[in-house]
There are 2 protein chains.
Amino acid sequence: MPTDTKERILDSAELLFSSQGIANTSLRSLTEHAQVNLAAVNYHFQSKDALVQAVLFRRVNPINQRRMELLTALGQPSIGQILDAFYRPAVEAVLAGPEGRAVARLIGRLYSEPGDLLAGQVRALMADTFRTFAESIQRALPGVPQATIIWRLHFCIGIMAHTFGAMELIEGMARGRIAYDDPEAILRQMITFASAGLRAEGESTCAAS
Amino acid sequence: MPTDTKERILDSAELLFSSQGIANTSLRSLTEHAQVNLAAVNYHFQSKDALVQAVLFRRVNPINQRRMELLTALGQPSIGQILDAFYRPAVEAVLAGPEGRAVARLIGRLYSEPGDLLAGQVRALMADTFRTFAESIQRALPGVPQATIIWRLHFCIGIMAHTFGAMELIEGMARGRIAYDDPEAILRQMITFASAGLRAEGESTCAAS
DNA sequence: GTCTATAGGGTGATAGAC
DNA sequence: GTCTATCACCCTATAGAC
């Protein structure tokens, strides 16, 4: 339960933006949901765009910081360890509390949200993390061309973004055969798949690791 | 250059929905772009929601039909062949003509667009294709549990959705080191990565295919 | 810091002439 | 089939009282 106005606005914005989309969420419905006055949004944040940015930063910055901590704590990491450092902070943020689903959708839609304004923000938000992890993977896989590393790291991000952004669709299509109730199991599925993908040989035959 | 009103509306809707988002695109800006009268949208389609559905179906149904054709043409397909049948029709739709980017973003955002209305449509649109490909992969990988197959097929979709939905972001972050100018090369990257991921062993060690 | 009130404009949908 | 005109409503942002 949030206490002050600013936090209540952020929490409601996160929930509504992620479930209905940003453009579909009016400041009126937002302030009604947060039980604050309409003008409070424009007082605490300057505009709706700035509010979007604040919602994003609050969740994604700590995740990226944790990713860096985990990665630098490893000396000469394996591919599996690098992926664990990348995925785990995000999966755990999704775990934490009942607002997890909203955070998941927020992260899941981060990369493909339309609009030039947001695209620039996301790029700035992710650039450092992306570069650091790309370099780490390159060191672990010295034989793989740089362009291939870049494509494959984007594929790893795509796996996560889709797992987080299409939860309802995935659950619905699975008809109970898979579920989101065990985050550690999902993490394991993601790492196993992405790990093999990153280490793939060009002609998709199997070689010694 | 489209000739009749209905097609002009669909083309403009595809372009604007995919570049600005659905909620952010007003029927007024749409009809202005299409050079048709505002009332024409409600005459040819009944509502904005129905227009969204029409835009989706026009592009995705032929792709899914082609996927089925390619898959059934293969007898006992390998994982690489199954993935080619799944990815190629979508990648080639992105290739065809200058509207390719709009189609790509449309497909890329399909799975994570907010709103219950759309989610149900997407599920209905993809259910048959998903089930058929899941069964085909299961036959090619008899030792892998069903739940794992389902997760991994979703990961394969995530790879494609992110590659199509985050083009600007990916190009921007790559700073020229990768590009979208060679669709066959992208297809190869996707298939190589996803193929290794699908065939991964639980403990991410390497086994004979 | 938080409120009310309102400015100024955009929205999807439709009725009815041609 | 295509137009104009319009309805009824929602939107963000801000000025100014408390």
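Side chains included, hydrogens not; waters and symmetry mates left out as well; all remaining heavy atoms used.
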Run A:Arg8 and A:Asp4 through side chain to side chain contact (heavy atoms under 4.5 Å, CB included) and show every step you take. CA-CA 6 Å; A:Arg8 273 214 303 279; A:Asp4 67 320; over 6 Å; no
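- Proximity of B:His33 to B:Leu16: side-chain heavy atoms (C-beta onward) are separated by under 4.5 Å at one or more points.
- At D:dC11, one or more side-chain N or O atoms of A:Ser26 fall inside 4.0 Å of OP1 or OP2 (strictly under the cut-off).
- When rounded to the nearest whole Å, the span between CD1 of B:Ile9 and P of C:dG12 equals 13 Å.
- Atom CZ in B:Phe45 sits roughly 16 Å away from atom P in C:dT14 (whole-Å rounding).
- Atom-to-atom, CG of B:Asn42 to P of C:dG16 comes out at 16 Å; the value is rounded to the nearest Å.
- For the pair B:Arg67 and B:Phe86, the cation sits on the ring face: its NZ or CZ lies under 6.0 Å from the ring centre, inside 45° of the axis.
- Here D:dA13 presents its C1' atom at 16 Å from OH of A:Tyr43, a figure rounded to the nearest Å.
- Here A:Ala40 lies out of heavy-atom contact (under 4.0 Å) with every strand.
- As a whole-Å value, the separation of A:Asn24 CG from C:dG12 C1' is 13 Å.
- When only modelled atom types and interatomic distance are considered, A:Thr132 and A:Thr129 share no side-chain donor-acceptor pair under 3.5 Å.
- DNA chain D is contacted by both A:Lys48 and B:Leu38; B:Leu38 maps to the nucleotide lying nearer its 5′ end (nearest heavy atom per residue).
- With hydrogens and angles ignored, a donor-acceptor pair closer than 3.5 Å exists between the side chain of B:Arg28 and the base of C:dG12.
- Distances shown here put a side-chain N or O of B:Thr5 below 4.0 Å from the OP1 or OP2 atom of D:dT2.
- The interatomic distance linking A:Glu7 (CD) with C:dG1 (C1') rounds to 17 Å, in whole Å.
- Nearest to the side chain of B:Asn37, among C:dT4, D:dT2, D:dC3, sits D:dC3.
- Listed candidates were C:dG12, C:dT2, D:dA15. Nearest to the side chain of A:Ala39 is D:dA15.
- Atom NE2 in B:His44 sits roughly 16 Å away from atom C1' in C:dT14 (whole-Å rounding).
- Within the 4.0 angstrom heavy-atom criterion, only backbone atoms of the sugar-phosphate kind lie near B:Thr25; the bases stay farther away.
- Looking only at distances, no side-chain donor or acceptor of A:Ser195 sits under 3.5 Å from a matching main-chain atom of A:Ile79.
- As rounded to whole Å, 17 Å separates atom P of D:dC10 from atom CG of B:Leu27.
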